[in-house]
Amino acid sequence: MPHARADRHVIANVPAFRLCAFDGGNEVLGMNVVVGAEYDGRSTAVFADSMEYVVFRPYWNVPSGIAARELRPRQRRDPTYYSRNGNEAVGSGAGRYVQERPGPENALGRLKFIFPNRYAIYLHDTPAKGLFSEQVRAFSHGCIRVEDPDALARYALGWEQAQVDSIFSGRGMTSV
């Protein structure tokens with residue numbers, strides 16, 4: 001990891017299952033995280049990059065491997081699986097993929113934080129809040145789930161909670 005960092009930066013300590021945000025060398029925010037499982041190529045990659053934007057009410061374009069291993073078999077067994085779980089098949093032919101619509105059960109939760117990187121790893125909310133109370137929190141497919149996404153959004157955007165809440169009062173996905 002780089003030794004030189006911006007005054008405001010976030011560090012996700014994968015082995016410690018913690019995320020800390022710093023401002024001027026002082027820790028101003030800390031929270032538990034859920035990271036990638038240590039098997040089946042699901043570990044969380046280590047990298048350094050800059051956060052470029054925050055997405056409110058995100059869609060989740062399910063990675064093809066997850067869709068093939070987990071979702072498509074369920075849909076074949078139960079043709080109502082996608083519609084009951086907020087999923088839909090999008091596109092056609094070789095460009096067809098599974099997308100999860102925004103909502104309370106969306107795997108990305110209400111927010112995702114984008115650090116464009118070659119690993120397709122980002123920070124995001126989760127509806128599975130109970131995982132944060134586990135001692136070992138290696139349950140994801142590689143991305144990092146954050147315990148308090150609203151606090152991270154306030155930190156990243158420099159906003160008050162009312163500004164974060166106002167975005168959620170709208171409809172559809174919003175990127176900031």
Side-chain angles (χ1 to χ4, degrees), residues 1-67 69-71 85-86 100 102-161 164-165 167-168 173 175-176:
M1 299 299 293
H3 291 286
R5 297 182 183 101
D7 278 348
R8 289 177 46 84
H9 63 276
V10 173
I11 295 177
N13 184 331
V14 173
F17 308 109
R18 290 287 295 167
L19 177 138
C20 297
F22 296 87
D23 193 350
N26 298 311
E27 183 177 330
V28 295
L29 179 65
M31 67 185 74
N32 290 333
V33 295
V34 173
V35 301
E38 297 179 20
Y39 58 89
D40 291 338
R42 295 170 68 177
S43 63
T44 299
V46 175
F47 67 95
D49 211 329
S50 297
M51 185 184 303
E52 289 194 7
Y53 58 97
V54 178
V55 180
F56 290 76
R57 295 180 309 273
Y59 282 85
W60 182 37
N61 295 329
V62 181
S64 59
I66 295 172
R69 285 187 311 274
E70 299 177 26
L71 301 185
N85 290 283
E100 187 174 45
E105 297 305 313
N106 181 294
L108 304 182
R110 299 177 348 133
L111 289 159
K112 72 177 178 178
F113 304 85
I114 304 299
F115 301 74
N117 61 83
R118 65 182 180 170
Y119 309 104
I121 301 289
Y122 43 87
L123 306 175
H124 66 84
D125 185 14
T126 180
K129 302 294 187 192
L131 295 177
F132 295 108
S133 63
E134 297 289 330
Q135 184 175 359
V136 175
R137 294 182 293 278
F139 298 105
S140 83
H141 287 88
C143 286
I144 301 170
R145 303 176 195 180
V146 298
E147 185 174 34
D148 191 347
D150 284 19
L152 185 57
R154 290 191 309 269
Y155 167 82
L157 299 169
W159 289 4
E160 297 295 323
Q161 186 63 44
V164 172
D165 292 342
I167 297 291
F168 288 119
M173 184 176 76
S175 296
V176 180

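None of these values were measured; they are calculated from a predicted model.
You'll find the side chain of Val176 reaches within 4.5 Å of the side chain of Trp159, heavy atoms only. Residues Tyr53 and Phe113 have side chains not in contact (no heavy-atom distance under 4.5 Å, counting atoms from C-beta outward). Side-chain atoms of Val10 and Leu19, non-hydrogen and from C-beta on, do get closer than 4.5 Å to each other. The shortest side-chain heavy-atom distance between His124 and Trp60 does not fall under the 4.5 Å cut-off. Taking 4.5 Å as the limit, every side-chain heavy atom of Lys112 sits out of range of all side-chain heavy atoms of Asp125. Annotation: side chain of Phe115 is not in contact with side chain of Ile121 (no heavy-atom distance under 4.5 Å). Using a 4.5 Å heavy-atom cutoff, the side chains of His9 and Met51 are not in contact. For the pair Val54/Leu111, a side-chain contact is recorded, criterion being any heavy-atom separation below 4.5 Å from C-beta on.
In this structure, Asp148 CG and Asn32 CG are separated by 10.5 Å, a value rounded to the nearest 0.5 Å. Taking CG of Leu108 as the reference point, atom SG of Cys143 lies at 7.5 Å (rounded to 0.5 Å). The OH atom of Tyr119 sits 10.5 Å away from the CG atom of Asp49 when rounded to the nearest 0.5 Å.
Of all the heavy atoms in Asn85 and Glu100, the pair that sits closest is O-OE2, 3.7 Å. When all heavy atoms of Gly30 and Arg18 are compared, the pair lying nearest together is C-NH2, 3.4 Å. Contact between Glu70 and His141 at its shortest, heavy atoms only, is OE2-NE2, 2.8 Å. When all heavy atoms are compared, the tightest approach of Asn13 to Pro15 is OD1-CD, 3.2 Å. In plain terms, the two heavy atoms of Gly109 and Pro58 that are nearest each other are O-CD, 3.6 Å. The two residues Val35 and Val33 have their closest heavy-atom pair at CG1-CG2, 3.9 Å.
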Original post:
Can you check side-chain hydrogen bond (donor to acceptor under 3.5 Å, both in side chains) on Asp150 and Gln161, steps first, answer last?
Top reply: CA-CA 7 Å; Asp150 284 19; Gln161 186 63 44; 3.0 Å; yes
**OP:** Just do the side chain to side chain contact (heavy atoms under 4.5 Å, CB included) check on Val34 and Ile144 with the steps written out, would you?
**Re:** CA-CA 6 Å; Val34 173; Ile144 301 170; over 6 Å; no
Subject >> Pair Val28-Tyr155, side chain to side chain contact (heavy atoms under 4.5 Å, CB included): steps then yes or no >> reply: CA-CA 9 Å; Val28 295; Tyr155 167 82; 3.7 Å; yes
Original post:
What's the verdict on side chain to side chain contact (heavy atoms under 4.5 Å, CB included) for Met31 and Phe132, showing C-alpha distance, side-chain angles and the deciding distance?
Top reply: CA-CA 9 Å; Met31 67 185 74; Phe132 295 108; over 6 Å; no
**OP:** Evaluate the criterion side chain to side chain contact (heavy atoms under 4.5 Å, CB included) for residue pair Leu131 and Arg137; output intermediate values, then yes/no.
**Re:** CA-CA 7 Å; Leu131 295 177; Arg137 294 182 293 278; 5.7 Å; no
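With Arg57 contributing its side chain and Arg110 its backbone, the two residues share no donor-acceptor pair below 3.5 Å. A donor-acceptor contact shorter than 3.5 Å is absent between the side chain of Asn106 and the backbone of Pro104. Looking at Arg42, its side chain never comes within 3.5 Å of a backbone N or O of Tyr39 through a donor-acceptor pair. Within the 3.5 Å criterion, the main-chain N or O of Gly142 finds a donor-acceptor partner in the side chain of Thr44.
Counting non-hydrogen atoms of other residues, nucleotides and ligands closer than 6.0 Å to CD of Glu27 gives a total above 12.
Taking the ring centre of Phe139 as origin, the terminal cationic atom of Arg145 falls outside the region bounded by 6.0 Å and 45° from the ring axis.
Here Phe168 and Phe56 bring their ring centres to under 6.0 angstrom of each other.
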